[in-house]
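Before any comments, here is the structure.
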There are 2 protein chains.
Amino acid sequence: MSDKYKHGEKILVAVDCIIFGYDHGTLKLLLFKRLLEPLKGGWSLIGSFILPNESVEEAGKRVLHEITGLDEVYMEELKSYTAVDRDPGARCISIGQFALIGLENEETLEIKDGVQWHSVSDLPELVLDHNQMVVDALARLRNRAQYYPIGLELLPKKFTIPQLQTLYEEIFQKKFDSRNFRKKLLSLNILIQLKEKDKSSSKKGAFLYEFDYTKYRKLKNKGFKFSLI
Amino acid sequence: MSDKYKHGEKILVAVDCIIFGYDHGTLKLLLFKRLLEPLKGGWSLIGSFILPNESVEEAGKRVLHEITGLDEVYMEELKSYTAVDRDPGARCISIGQFALIGLENEETLEIKDGVQWHSVSDLPELVLDHNQMVVDALARLRNRAQYYPIGLELLPKKFTIPQLQTLYEEIFQKKFDSRNFRKKLLSLNILIQLKEKDKSSSKKGAFLYEFDYTKYRKLKNKGFKFSLI
DNA sequence: TCAAAAGTGTTCTTAGTACACCCATGT
DNA sequence: ACATGGGTGTACTAAGAACACTTTTGA
């Protein structure tokens with residue numbers, strides 16, 4: 001082995017997925033109660049070591065698929081966690097993967113044993129440096145929600161504007177003016193209004209919308225800058 | 001070893017530093033001509049495997065120190081590069097580290113043998129996936145220059161407003177109106193005007209400024225949002 | 001008929017953009 | 001005296017913020 005390689009020490013590389021969902025007006029995180037050692041009984045993010053034949057991104061998608069059965073989820077790299085003593089079991093680095101799942105409602109998703117949704121506003125202590133990962137992921141979520149129409153990833157395909165607003169209020173922990181929110185949102189021209197209404201939260205009902213991905217991508221390629229709030 | 005650890009395969013973990021500098025009106029990148037196999041003679045970013053007793057961030061700082069002798073540089077994680085076949089020599093992932101160096105001028109920095117500054121607008125082909133790392137780093141540079149006063153990291157401690165404008169024009173590859181640029185910049189209230197002038201580029205001379213880090217941090221902690229252009 | 005959420009417009013303020021001339025100085 | 005880059009101000013336009021009432025409908 002050449003000079004470049006000879007000093008390298010092989011170490012374990014993991015992914016940990018910070019998976020957000022939104023249901024019944026609450027922002028939630030998917031956590032796993034460890035059934036086995038190490039750290040048995042502790043709450044943890046859902047992760048895995050990367051396999052010899054997969055990239056970190058592929059490992060993240062595999063984990064998410066194993067847990068939820070879902071394939072098409074929004075996922076992006078958060079950052080690496082590499083402190084020497086972060087895992088007492090072994091020298092091991094982890095790449096955080098930030099993921100958003102759109103739920104029709106919580107119950108429609110079949111998740112594996114030991115895995116549970118937790119409200120973001122009421123999380124248990126997590127093992128290792130997973131609390132820090134969640135803090136970082138929440139900051140990323142706010143950033144993305146502000147500059148990309150990423151909030152839409154957390155809603156069902158058909159959603160109402162008041163629903164989206166409530167989601168943004170949950171993410172940013174503050175109220176928005178409904179007239180300004182609606183005006184700004186519709187001015188982006190990336191929503192398609194449907195004929196149907198959703199009457200689950202009011203007698204009058206609110207019009208359902210779909211997100212126009214094609215239009216969004218076209219605008220983005222033209223260098224159009226979004227800012228949703 | 002427990003269930004969690006048993007499937008992990010240990011692999012090599014490297015850092016590669018994408019190091020920008022700015023000198024004589026040109027944005028530059030620090031590259032290394034490989035003196036030994038593998039890939040002898042190819043241009044590469046400057047990297048290293050991480051050592052058993054250091055984090056990825058520490059490895060990046062170590063590499064930068066070894067090459068330039070500098071300690072206090074701006075560095076942040078870019079992203080990981082983890083494709084299975086990215087390095088033909090071995091399974092090896094790399095964490096890109098984005099770094100900015102403030103040069104008084106190019107010659108003041110003593111850099112190691114085989115390491116050279118290259119104009120960003122005229123880069124050679126790089127080994128492995130290093131070209132992609134540079135593309136990603138340039139996008140990050142533009143983002144950071146827009147939303148953080150990061151352009152200042154690339155200038156000497158004392159600089160003139162026309163200098164900063166030229167740097168921004170180099171980063172974004174477009175001209176800015178000098179009146180508006182100055183107005184916006186000064187309205188942020190994070191520059192301290194000095195009594196001295198720099199006469200190196202005009203007979204009249206331009207006032208030198210320093211960046212007020214303390215004030216900047218205070219404003220940032222208050223949630224103040226910057227946008228420099 | 002009333003309670004509860006959905007939907008709608010206007011004014012005011014602020015920030016961004018476009019644009020042209022005088023200033024200071026070394027040669 | 002002139003060439004060169006540094007420095008300034010104003011008018012126009014666009015976007016964001018503040019703010020209150022009408023509509024629909026199920027119970």
Side-chain angles (χ1 to χ4, degrees), chain A residues 24-25 142 145-147 149 151 155-156 158-170 172 174-210 219 222-229, chain B residues 24-26 145-149 155-156 158-170 172 174-210 219 222-229:
Chain A
H24 293 99
R142 288 190 194 102
Q146 188 162 10
Y147 297 114
L155 293 176
K158 298 176 182 182
F159 57 88
T160 68
I161 290 180
Q163 257 174 33
L164 184 63
Q165 181 173 342
T166 310
L167 170 55
Y168 269 73
E169 290 174 342
E170 180 80 1
F172 290 97
K174 70 174 195 185
K175 295 285 175 190
F176 296 98
D177 180 274
S178 67
R179 288 159 291 188
N180 293 339
F181 186 86
R182 180 182 294 268
K183 200 196 305 169
K184 183 75 195 290
L185 184 63
L186 292 176
S187 77
L188 299 174
N189 265 304
I190 49 171
L191 297 189
I192 302 161
Q193 182 170 354
L194 305 178
K195 304 242 178 284
E196 317 159 58
K197 280 189 165 190
D198 170 80
K199 296 205 172 186
S200 63
S201 71
S202 78
K203 291 156 186 171
K204 184 179 178 182
F207 278 105
L208 287 162
Y209 288 80
E210 276 184 3
L219 287 167
K222 279 187 201 155
F224 194 85
K225 290 217 177 89
F226 287 84
S227 176
L228 271 79
I229 59 163
Chain B
H24 293 102
T26 315
Q146 189 161 11
Y147 297 113
Y148 303 84
L155 292 176
K158 298 175 181 182
F159 56 89
T160 69
I161 291 180
Q163 258 175 31
L164 185 63
Q165 181 173 342
T166 310
L167 169 56
Y168 270 72
E169 289 175 344
E170 179 81 0
F172 290 97
K174 70 175 193 184
K175 294 286 175 189
F176 297 97
D177 180 274
S178 67
R179 288 160 294 190
N180 295 339
F181 186 85
R182 179 182 295 267
K183 199 196 309 170
K184 184 75 196 289
L185 184 63
L186 293 175
S187 77
L188 299 174
N189 263 304
I190 48 170
L191 296 189
I192 302 162
Q193 183 171 354
L194 306 178
K195 305 244 177 283
E196 315 159 59
K197 280 190 163 187
D198 171 79
K199 295 204 170 184
S200 64
S201 71
S202 78
K203 292 158 186 171
K204 184 178 177 181
F207 278 105
L208 286 162
Y209 288 80
E210 277 184 2
L219 287 166
K222 279 188 203 154
F224 193 86
K225 292 219 177 88
F226 287 84
S227 177
L228 271 79
I229 57 163

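Throughout, a chain's letter reflects where its sequence line sits, starting with A, and its residues are numbered from 1. Computed from a predicted structure; not experimentally measured.
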Euclidean distance, atom [atom1] of residue [X] to atom [atom2] of [N] [Å, nearest integer]:
{"X": "A:Asn189", "N": "D:dA15", "atom1": "CG", "atom2": "P", "answer": "13 Å"}
{"X": "B:Phe176", "N": "D:dG5", "atom1": "CZ", "atom2": "C1'", "answer": "19 Å"}
{"X": "B:Gln165", "N": "D:dG6", "atom1": "CD", "atom2": "P", "answer": "9 Å"}
{"X": "A:Asp198", "N": "D:dT25", "atom1": "CG", "atom2": "C1'", "answer": "14 Å"}
{"X": "A:Phe226", "N": "D:dG16", "atom1": "CZ", "atom2": "C1'", "answer": "18 Å"}
{"X": "A:Lys197", "N": "C:dA5", "atom1": "NZ", "atom2": "P", "answer": "15 Å"}
{"X": "A:Phe181", "N": "C:dT8", "atom1": "CZ", "atom2": "C1'", "answer": "16 Å"}
{"X": "A:Phe207", "N": "C:dA5", "atom1": "CZ", "atom2": "P", "answer": "19 Å"}

**Item:** Lys/Arg-Asp/Glu bridge criterion (N-O < 4.0 Å) met for B:Lys158, B:Glu210
**Value:** no
**Request:** Looking only at side-chain atoms of B:Lys184, point me to the closest of C:dA6, C:dG16, D:dG7.
**Result:**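 Out of C:dA6, C:dG16, D:dG7, the nucleotide with an atom closest to B:Lys184's side chain is C:dG16.
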**Request:** Kindly say if A:Lys199 contacts the phosphate of D:dG26, meaning a side-chain N or O under 4.0 Å from OP1 or OP2.
**Result:** yes
**Request:** Look at the aromatic rings of A:Phe226 and A:Phe224 and report parallel, tilted or perpendicular, splitting at 30° and 60°.
**Result:** perpendicular
**A:Phe181 and A:Phe176 aromatic ring geometry - parallel, tilted or perpendicular at 30°/60° bounds** = tilted
Enumerate all atom pairs, one protein N or O and one N or O from nucleotides 8-10 of chain D, separated by less than 3.5 Å.
{"from": "D:dT10", "atom 1": "O4", "to": "B:Lys183", "atom 2": "NZ", "distance (Å)": "3.1"}

**Message:** Is there, by distance only and without an angle test, a donor paired with an acceptor across the side chain of A:Lys204 and the base of D:dT23 below 3.5 Å?
**Reply:** yes
**Prompt:** Looking at side-chain heavy atoms only, is the closest gap between B:Lys197 and B:Lys204 below 4.5 Å?
**Reply:** yes
**Asked** Do A:Leu188 and A:Pro149 have side chains that get closer than 4.5 Å, going by heavy atoms?
**Response** no
**Derivation of the side-chain contact (heavy atoms from CB on, under 4.5 Å) call for B:Leu186 and B:Ile161** = CA-CA 10 Å; B:Leu186 293 175; B:Ile161 291 180; 4.0 Å; yes
**Prompt:** Using a cut-off of 4.0 Å on non-hydrogen atoms, how would the nucleic acid contact of B:Thr160 be classed: base, sugar-phosphate, or nothing?
**Reply:** nothing
**Message:** Ring centres under 6.0 Å, that's the criterion: do A:Phe207 and A:Tyr209 meet it?
**Reply:**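 Not under 6.0 Å, so no.
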